[in-house]
> 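The structure is given below, and queries will be raised subsequently.
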Amino acid sequence: MKIKKDYIYVGIQLVLFVTYILPVRIIYINLPEWLNYLGLFILSLGLVLGLLALFQLNKKLSPFPTPVLGGKLLTSGAYSISRHPIYTSVLAITFGFALYESSFFKFIIFLLLWLLFYFKSNYEEQLLKEKFLKYSDYKIKTKRFI
């Protein structure tokens with residue numbers, strides 16, 4: 001059952017990523033220019049956080065929520081900022097780019113990604129609690145997303 005859920009979450013995530021990059025202009029939002037540039041700033045922060053988390057995970061990176069064999073509980077670096085810094089990074093990047101592009105369509109996909117990551121992280125955290133005794137303490141001290 002775990003493997004099936006893993007593939008469902010990753011499959012939905014892949015569909016949302018592909019949908020996000022489509023050049024769709026359904027509704028254009030007329031935003032002030034400073035908000036467009038704020039979007040680039042948010043995108044940049046998300047990129048930095050994501051790169052830090054990727055370097056920390058190194059070869060233990062997996063798109064699946066089930067913890068990898070031999071994985072350790074990371075609580076420092078990017079993981080001291082967020083329990084799910086890669087999800088947070090993706091959310092910041094997609095939100096920031098939606099602002100930059102003034103794209104309502106991309107904003108809707110960002111919201112769907114946020115919803116997906118919320119449920120995916122709930123499932124992942126159940127598995128992490130089973131694997132790591134200290135996860136409950138870490139969960140109290142660190143936010144899910146920023």
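Residue numbers count from 1 along this sequence. Computation of the quantities below employed the complete heavy-atom set of this structure, encompassing side-chain atoms and omitting hydrogens, waters and symmetry-equivalent molecules.
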> To the nearest 0.5 Å, what is the distance between CZ (Phe107) and OG1 (Thr94)?
10.0 Å
> Using links of under 4.5 Å between side-chain heavy atoms of ILVMFWY residues, direct or through other members, which residues join Leu52 in one cluster?
Val48
> Could you see if Leu127 belongs to whatever hydrophobic cluster contains Phe119? Use Ile, Leu, Val, Met, Phe, Trp, Tyr and a side-chain cutoff under 4.5 Å.
yes
> Looking at CD1 of Ile86 and CG of Leu51, how far apart are the two atoms once the value is rounded to the nearest 0.5 Å?
10.0 Å
> I need the minimum non-hydrogen distance between Tyr123 and Asp6, along with the two atoms involved.
CE2-OD1, 3.3 Å
> What's the shortest heavy-atom distance between Lys106 and Leu22, and which atoms?
NZ-O, 3.6 Å
> Would you say the side-chain atoms of Ser82 pair up with the backbone N or O of Arg144, donor to acceptor, closer than 3.5 Å?
yes
> Would you say Ser44's side chain and Leu40's backbone share a donor-acceptor pair under 3.5 angstrom?
yes
> Can you confirm whether Phe95 sits close enough to Trp114 that some side-chain heavy atom of one is under 4.5 Å from a side-chain heavy atom of the other?
no
> Test Leu128 against Glu124 for side chain to side chain contact (heavy atoms under 4.5 Å, CB included), laying out the working first.
CA-CA 6 Å; Leu128 289 167; Glu124 186 173 345; 4.0 Å; yes
> Would you check if Tyr37 and Leu99 make a side-chain contact, meaning some heavy-atom pair closer than 4.5 Å?
no
> In this structure, is the centre-to-centre distance between the rings of Tyr20 and Phe17 below 6.0 Å?
no
> Go through the steps for Leu45 and Ile42 under the test side chain to side chain contact (heavy atoms under 4.5 Å, CB included), then give the verdict.
CA-CA 5 Å; Leu45 290 177; Ile42 293 169; 5.6 Å; no
> Residues in side-chain hydrogen bond (donor to acceptor under 3.5 Å, both in side chains) with Tyr135, at least two apart?
Glu125
> If you take all heavy atoms of Pro85 and Ala53, which pair is closest and at what distance?
CG-CB, 3.7 Å
> Tell me whether Tyr118 is reachable from Ile108 by hopping between hydrophobic residues (I, L, V, M, F, W, Y) whose side-chain heavy atoms are closer than 4.5 Å.
yes
> Output, in order, the C-alpha distance, side-chain angles, deciding distance and verdict of side chain to side chain contact (heavy atoms under 4.5 Å, CB included) for Phe97 and Phe110.
CA-CA 10 Å; Phe97 194 66; Phe110 154 76; over 6 Å; no
> Is there a path of hydrophobic side-chain contacts, each under 4.5 Å between heavy atoms, that joins Leu43 and Trp34?
yes
> Just wondering, are more than 12 heavy atoms of other shown residues or ligands nearer than 6.0 Å to OH in Tyr100?
no
> Starting at CG of Leu31, measure out to CG of Leu38 and round the result to the nearest 0.5 Å.
10.5 Å
> Taking Phe145 as the starting point, is it possible to reach Leu49 by hopping between hydrophobic residues whose side chains are less than 4.5 Å apart?
no
> State, to 0.1 Å, how close Pro65 and Lys120 come at their nearest heavy-atom pair, and which atoms those are.
CD-CE, 3.9 Å
> Please collect all ring-ring contact (aromatic ring centres under 6.0 Å, His included) contacts where either partner lies in residues 54-90, sequence neighbours excluded, each pair once.
Tyr7-Phe64, His84-Tyr87, Tyr87-Phe117
> For the atom pair CG (Leu115) and CG (Leu16), what is the distance rounded to the nearest 0.5 Å?
9.5 Å
> Nearest 0.5 angstrom please: Lys72 NZ to Lys131 NZ, how far?
10.5 Å
> Verify the cluster assignment for Ile12 and Leu14: are they in a single hydrophobic cluster under the rule of side-chain heavy atoms below 4.5 Å apart?
no
> Any sub-3.5 Å donor-acceptor pair from Gln56's side-chain atoms to Leu74's backbone N or O?
no
> Which heavy atom of Gly46 sits nearest a heavy atom of Ser89, and at what distance?
O-OG, 2.5 Å
> Considering only heavy atoms from C-beta outward, does the side chain of Leu91 approach that of Thr88 to under 4.5 Å?
no
> State whether the side chain of Ser80 and the backbone N or O of Gly77 hold a donor-acceptor pair below 3.5 Å, judged by distance alone.
yes
> Kindly check if the number of other-residue, nucleotide or ligand heavy atoms within 6.0 Å of CG (Leu133) is above 12?
no
> Return the CD to CD1 distance between Glu101 and Ile29, rounded to the nearest 0.5 Å.
11.0 Å
